[in-house]
2 protein chains.
Amino acid sequence: MIPGLGGKLPRSLIDLLWRDHPEAPTGGTRGPRARVSTGDVVDAAIRLADAHGLPAVTIRRLAEALEVSTMSIYTHVNSRDDLLVLMADATHGRMERSRFGRLGWRGRVQRVAESNLALLQAHPWLHEIDDDRTALGPGTIAKYDHELAALAPLDLAPVTCDAALTFLLDFVRASARALRPNPRSGELAQHWPEWSLRLETYLGEDFPLARTVGAAAGAAMGAAHSPSMAWDFGLARVLDALAALAPPRA
Amino acid sequence: MIPGLGGKLPRSLIDLLWRDHPEAPTGGTRGPRARVSTGDVVDAAIRLADAHGLPAVTIRRLAEALEVSTMSIYTHVNSRDDLLVLMADATHGRMERSRFGRLGWRGRVQRVAESNLALLQAHPWLHEIDDDRTALGPGTIAKYDHELAALAPLDLAPVTCDAALTFLLDFVRASARALRPNPRSGELAQHWPEWSLRLETYLGEDFPLARTVGAAAGAAMGAAHSPSMAWDFGLARVLDALAALAPPRA
DNA sequence: TATAACGCCGTACGTTGTACGACGTACATA
DNA sequence: TATGTACGTCGTACAACGTACGGCGTTATA
């Protein structure tokens, strides 16, 4: 390496994800001691997101919360995108993972579904993070391992087991998304009296099915509507679907 | 209304969504003829998104594409958020909706699934639009009506029918999301040789299941992996699940 | 002919992520 | 003990974003 040019290479996302692992590179010991750690940054970001949503997680606000300058954040995290991955993996890692004990496969599946729902309700901003690299983190891998174990009694081929888990979790994610209180619901409710009238006019005689079911309006208005019903319905369907795969009795 | 103060109220999103309906307010006829219409703006935005992704849809670029000034865009669209709703509804409206004919319910369900998959593959940016107000648009309602009709042979109660459709479409959305080529896959593939080694080190003896199934690494690397298998698996499971609901023979 | 409604646009503000380079500190080596 | 190098910190600056505001000119209506 050419001396005089500061050797720049930052710790890669992988190493940041596994920063608590004994084999992870610690970084040299010179220079002033770091006033905050990567973990501190991630924790503060999670607190911000929990309290005010993901858009509130800006580098500047983070720095303010940690009482450091804006640019210091980049010493501990390579970019905002990377930070989001670290946040998601950290919350995955903190999920409760209790033993399944003697629970049958249905009970296990239900438990996996419910704990994922709880996760997404506790941290709704997870919906807005869509980065495959999250799968590289220790928290996400531990979660994956645990949930695969839940499906073990079904005795499926590995790939099928993975597919089944994906199927289950995709359902949970979608339901959780629908269940989530919409930030725009206030505005919608405010304009609803006016808008529903217009909609009535526009719909006219068309779309008989849509009108009958009424979900177009219902969903839009945030009325009682289905999302919580969709959860029960969907979970029952997932169980049905897996049952069709399972050994006769388990 | 107080004269001298320009009466400001802009056409609301509802009216913009239904701009082609005969009952929709046309806006006064004074002033210079508009050089572009709301429809033009929406179309240009869709073209931009198709070509370069949703982040490329900025007001400035839109204006440039339409050869108008930046701020003129706001004459035809109230905000960027509204524009996204208009874009989503327009593409919903343009979906092909062929008759189901004598197709059985399985064939219908499959067709609905496939056409939604095709939609999301043709316009991947739809994944990034998450706004309930889309449900108020004519395209979205027409789509909804058509897809409810597909499920009619199942002879379900209205709410159940809605729930079943939601279940199906949520599956399709999640699968389409996984199927979508990740923009970050390039970077990931580039660093993969290095990262996979580290990951190997970190994993050590832990997470036996995750290692066996190998999907953690597989998914991350963008290898062949499951998404296309997940589609087949999932669709079969959805059909199983609905079959458990359906009348014995249909 | 006067008025009011309307489309168009230039300017400007606040906010974002982050590149760059300077500065000082603390350890490693000579 | 003296020197060099690695490292944390931070101020400044830039490009890009959405969009509020207000002025201007055009056109149909009163």
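Everything quoted here is computed from the prediction, not taken from an experiment. Chain identifiers are assigned alphabetically (A, B, ...) following the order of the sequence lines, protein sequences preceding nucleic acid strands; residue numbering begins at 1 within each chain.
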Taking only N/O atoms, report every protein-nucleotides 10-14 of chain D pair under 3.5 Å with atom names and distance.
unit_1, atom_1, unit_2, atom_2, d
D:dC10, OP1, A:Arg35, NH1, 2.9
D:dC10, OP2, A:Ser69, N, 2.9
D:dC10, OP2, A:Ser72, OG, 3.1

Sidechain-backbone polar pair: A:Thr201 side chain, A:Leu197 backbone, donor-acceptor under 3.5 Å: yes
DNA chain D-proximal residues of residues 41-49 of chain B, any heavy atom under 4.0 Å: none
Electrostatic pair A:Arg11-A:Asp82, nearest N-O below 4.0 angstrom: no
Those residues of residues 78-91 of chain A lying under 4.0 Å from DNA chain C by at least one heavy atom: A:Ser79, A:Arg80
Rounded interatomic separation in angstrom, taking CD1 from B:Ile73 and P from C:dG10: 13 Å
Donor-acceptor pair, side chain of B:Thr140 and main chain of B:Thr134, under 3.5 angstrom: yes
Backbone N/O of B:Thr29 and side chain of B:Arg33: donor-acceptor pair under 3.5 Å: no
Value in whole Å for how far the C1' atom of D:dA20 lies from CD1 of B:Ile59: 14 Å
Overall bend - the helix from C:dT1-D:dA30 to C:dA30-D:dT1, comparing terminal axes fitted on five pairs, nearest 10 degrees: 10°
Taking distance alone, no hydrogens or angles, what donor-acceptor pairs closer than 3.5 Å link side-chain atoms of residues 52-63 of chain B to residues at least two apart or in another chain?
unit_1, atom_1, unit_2, atom_2, d
B:Thr58, OG1, B:Arg61, N, 3.1
B:Arg61, NE, B:Ala56, O, 2.9

B:Ser72-B:Ser69 side chain donor-acceptor pair, cut-off 3.5 Å: yes
Pair A:Trp231 + A:Phe171: ring centers closer than 6.0 Å: yes
Provide a list of protein-nucleic acid N or O atom pairs under 3.5 angstrom, restricted to nucleotides 24-29 of chain C.
unit_1, atom_1, unit_2, atom_2, d
C:dC27, O3', A:Thr29, OG1, 3.4

Residue among A:Lys143, A:Arg173, A:Gln121 satisfying side chain to side chain donor-acceptor pair (under 3.5 Å) with A:Asn116: A:Lys143
